Each structure stands twice: as C-alpha cells, then as structure tokens.
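Only heavy atoms go into these numbers, but all of them, side chains included; no hydrogens, no water, no symmetry mates. By convention here, the first residue in the shown sequence is residue 1. Since we're looking at a predicted model, the values are computed, not measured.
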Amino acid sequence: MRISLGCKLRFDMPQATPMVAMLNVHYSRFGDLERPDYLCTSPGVPVESYRDGFGNWATRLVAPAGEFTLMTNGIFRDPGNLDPIAPDAVQHAVQALPSDTLIFLRGSRYCDTDILSEQAWQLFDNVRLGWPRVQAVCDYVHDHITFGYEHAKATRTASQAWAEGHGVCRDYTHLAIAFCRCLNIPARYCTGYLSDIGEPEPYAAGDFAAWMEVYLSGQWWVFDPRNNSRRIGRILVARGRDAADVPLTQTFGPNTLTDFKVWADNKSD
C-alpha cells in the first residue's frame with residue numbers, strides 16, 4: 001500500500017530563534033520512499049541536517065521572528081503487514097547481550113528504573129522470561145494508565161505515570177520501558193507515524209505516536225503498550241533512550257505553537 005504522511009507545525013516566534021527539528025522518517029525506511037518527506041520551511045531559511053548519536057536524522061535552523069512553519073509531506077510504500085510477533089522469542093542473559101544494547105538497560109531522564117525496580121520484580125518475577133514477560137508488562141501498563149490528552153505533561157517520569165495512573169502514549173511507553181529495563185530486558189523509545197489503517201472508525205485527530213522496541217532473540221521487536229495491539233502502517237521517525245532523546249522540535253528561545261497537524265493516510269490513487 002501507499003501511505004501519504006507528513007506534518008505541519010506553525011509557530012509564533014517573538015524573535016529569531018535557533019531550532020532543531022526531528023521530523024523526517026528514519027533512514028531504515030528510506031528504501032520505501034516514493035516521494036521524499038523533505039522538511040520545508042515558510043518563510044524559507046537555510047537548514048543544515050546531521051545524524052545524531054542514535055542515527056536519527058535531525059535538521060538545525062534559525063527561525064525568524066513572526067509566523068514560522070515547518071512541514072513535511074511524503075509518500076511511503078508499506079507492505080501493509082501487522083506488527084510482527086514471535087511468542088517464543090527468548091530473553092538474553094545480561095552477559096550475553098551485545099554491547100550496543102547495554103545503554104538501553106540503564107535508567108534515563110524519563111525512565112527512572114531506580115524507583116521502579118522493586119515494583120517491577122513484584123509484578124513480573126513469576127512471569128515466563130522472554131516474549132511472555134514483555135507482553136505481561138504491556139498488558140499491565142495498558143490497563144494501569146488511563147489515556148487522555150488532558151493528562152499530557154512534558155515532565156512526567158515513568159514512576160510518576162505509574163503513581164498517577166493517567167497520561168498519554170509517551171507515558172505508557174516510558175513506564176513499559178522502565179519496567180523492562182528493571183527486568184534486564186533492553187528497551188528503547190520510538191516515535192513516529194501510526195496510521196489508522198485497518199482500525200474501526202471514528203478516528204482520532206492525527207498525532208505522532210510513541211512505542212518501544214525490545215531486544216529478544218537477537219533482534220529488536222515492536223511493542224505498543226498504549227494500543228496493546230498489532231497495527232498496520234507504523235513508520236519510525238526516531239529512536240533513543242526516552243522522549244528526551246527524540247524531541248520533534250527543540251527551540252532555544254520563547255515561542256508559541258499555534259497549529260499542529262499530522263497525517264498518515266492510505267493513498268489509493
């Protein structure tokens with residue numbers, strides 16, 4: 001299938017402001033590009049792109065004072081498959097893990113494993129290792145947190161999400177990641193597009209989604225504690241330790257976001 005995807009973010013800038021944007025689809029999906037999702041600005045300004053420490057594609061620029069817009073609009077080919085599953089995937093002993101996965105066992109800005117470790121072992125110690133244990137984490141987080149955009153809070157940590165019992169997709173993901181890391185399972189944070197293809201209507205307004213990837217049986221697997229179901233049309237933008245590593249935009253000065261649109265639609269024509 002062909003998926004039309006993109007975003008439009010409009011800001012009011014009281015002064016010229018440096019900015020870093022992370023809005024382009026991850027390099028792992030470049031081979032699926034039919035029309036590149038180039039980052040466009042209005043008014044046009046010079047941009048410089050680079051790879052960050054996690055391999056994500058980022059763009060730096062200086063936004064001028066006044067109204068300023070960032071926009072992407074691409075078409076990607078997708079096989080239309082549901083997220084893969086492997087119920088027999090096994091957990092590796094820590095000493096057998098590849099070195100580049102070890103960073104995803106550590107606590108991070110929003111995944112405060114030191115606070116949640118005891119709780120994680122109380123909840124999941126008796127669950128079979130590997131895929132069943134990760135799925136048990138997702139089941140628990142999905143049921144424990146109540147979703148609502150009114151609960152969005154940029155500074156909420158995993159332990160706070162667990163204590164408060166509400167949040168948005170990033171909070172589900174941070175809590176599930178923190179529990180997995182407490183259980184010695186490497187887990188990393190992902191952000192990107194998630195289509196409503198194959199889902200019943202009515203559809204919610206478009207937004208970027210958060211999910212996690214977990215290392216089992218020698219590879220990374222997608223788990224989505226917010227939706228807790230296999231989905232079609234999941235397209236990665238960036239990954240890191242948690243949301244602090246993959247902000248959609250990072251501005252170095254005051255600004256107001258005045259418009260925000262995201263789409264990932266089946267394009268049949």
Side-chain angles (χ1 to χ4, degrees), residues 1-13 17-30 32-52 54-64 66-78 147 149 152 154 168-171 173 189-197 199 202-211 222 224 226-227 231-240 242-252 255-267 269:
M1 64 176 58
R2 301 165 71 227
I3 299 178
S4 172
L5 57 79
C7 62
K8 183 178 182 180
L9 285 68
R10 182 179 294 122
F11 301 85
D12 181 32
M13 298 288 186
T17 305
M19 175 184 291
V20 175
M22 199 174 292
L23 296 169
N24 294 108
V25 169
H26 195 261
Y27 73 87
S28 60
R29 296 301 301 263
F30 280 4
D32 300 322
L33 276 168
E34 180 178 315
R35 185 178 72 206
D37 60 332
Y38 293 125
L39 180 65
C40 301
T41 71
S42 180
V45 298
V47 300
E48 177 187 346
S49 297
Y50 67 96
R51 295 259 182 242
D52 71 2
F54 295 97
N56 304 311
W57 192 247
T59 302
R60 58 188 301 184
L61 54 90
V62 177
E67 185 177 281
F68 181 69
T69 301
L70 295 171
M71 183 173 179
T72 67
N73 188 18
I75 298 177
F76 282 73
R77 293 196 174 273
D78 189 87
F147 181 87
Y149 286 112
V168 292
C169 59
R170 61 179 267 159
D171 301 305
T173 303
Y189 184 95
C190 299
T191 186
Y193 295 92
L194 181 58
S195 79
D196 288 315
I197 297 170
E199 296 299 302
Y203 302 141
D207 197 358
F208 286 101
W211 61 89
V222 166
D224 184 347
R226 158 67 178 100
N227 296 292
R231 297 288 292 268
I232 297 171
R234 189 187 302 273
I235 298 180
L236 179 69
V237 168
R239 58 167 67 103
D242 59 31
D245 289 331
V246 292
L248 299 173
T249 59
Q250 184 175 7
T251 53
F252 300 86
N255 67 91
T256 302
L257 180 65
T258 59
D259 190 26
F260 180 83
K261 293 184 174 68
V262 179
W263 58 92
D265 304 318
N266 191 1
K267 186 175 179 62
D269 58 329

*Would you call F68 and P43 a side-chain contact if the rule is heavy atoms closer than 4.5 Å?*
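In contact.
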*Heavy atoms, side chains only, cut-off 4.5 Å: are L248 and L23 in contact?*
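Side-chain contact under 4.5 Å: yes.
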With sequence neighbours excluded, what pairs up with [X] under the side-chain contact (heavy atoms from CB on, under 4.5 Å) test?
X: P202; value: none
X: F147; value: Y149, V168, Y172, R226
X: I75; value: R2, E34, R35, K267
X: N56; value: M22, H26, D52, F54, A238, R239, V246

Got a sec, which residues hit salt bridge (charged side-chain N to carboxylate O under 4.0 Å, His left out) with [X], two or more places apart in sequence or on another chain?
X: K261; result: D259
X: D265; result: none
X: D207; result: none

*Is there a side-chain contact (heavy atoms from CB on, under 4.5 Å) between T17 and F11 once you walk through the steps?*
CA-CA 11 Å; T17 305; F11 301 85; over 6 Å; no
Return the minimal non-hydrogen interatomic distance between [X] and [Y], and the atom names on each side.
X: D245; Y: G240; answer: OD2-C, 3.8 Å
X: M19; Y: M13; answer: CE-CE, 3.2 Å
X: S28; Y: L236; answer: OG-CD2, 4.3 Å
X: G233; Y: D78; answer: N-OD2, 4.1 Å
X: I3; Y: A264; answer: CG2-C, 4.1 Å
X: T173; Y: W211; answer: CG2-O, 3.2 Å

*Between D242 and R170, is the closest basic N to carboxylate O distance under 4.0 Å?*
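No, this pair does not count.
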_Results of ring pair (Phe, Tyr, Trp, His ring centres under 6.0 Å) for F76 - residues two or more places apart only_ =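 F76 satisfies ring pair (Phe, Tyr, Trp, His ring centres under 6.0 Å) with no other residue.
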*Taking only residues two or more places apart in sequence, or in another chain, which ones meet F208 in a ring pair (Phe, Tyr, Trp, His ring centres under 6.0 Å)?*
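Scan of F208 (ring pair (Phe, Tyr, Trp, His ring centres under 6.0 Å), adjacent residues dropped) gives Y193.
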Looking at residues at least two apart in the chain, or sitting in another chain, which of them share a side-chain hydrogen bond (donor to acceptor under 3.5 Å, both in side chains) with [X]?
X: D37; result: none
X: N24; result: none
X: S49; result: T59

Value rounded to 0.5 Å, distance of [atom1] in [X] from [atom2] in [Y]:
X: D224; Y: C169; atom1: CG; atom2: SG; answer: 8.5 Å
X: C7; Y: L39; atom1: SG; atom2: CG; answer: 7.5 Å
X: L194; Y: I232; atom1: CG; atom2: CD1; answer: 10.5 Å

*Evaluate the side-chain contact (heavy atoms from CB on, under 4.5 Å) criterion for residues R51 and W57: first the C-alpha distance (whole Å), next the side-chain angles of each, then the deciding distance (0.1 Å), finally the verdict.*
CA-CA 5 Å; R51 295 259 182 242; W57 192 247; 3.0 Å; yes
*Begin with the C-alpha distance, continue with both residues' side-chain angles, and end with the deciding distance and a verdict on side-chain contact (heavy atoms from CB on, under 4.5 Å) for L5 and V25.*
CA-CA 10 Å; L5 57 79; V25 169; 3.9 Å; yes
*Is the backbone of V20 close enough, under 3.5 Å, to the side chain of T249 for a donor and an acceptor to pair up by distance?*
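Answer holds: no.
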*Quick one: do V62 and V45 satisfy side-chain contact (heavy atoms from CB on, under 4.5 Å)? Show the steps, please.*
CA-CA 7 Å; V62 177; V45 298; over 6 Å; no
*asked:* Check this for me: Y38, atom OH, are more than 12 non-hydrogen atoms of other residues, nucleotides or ligands nearer than 6.0 Å?
replied: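 No.
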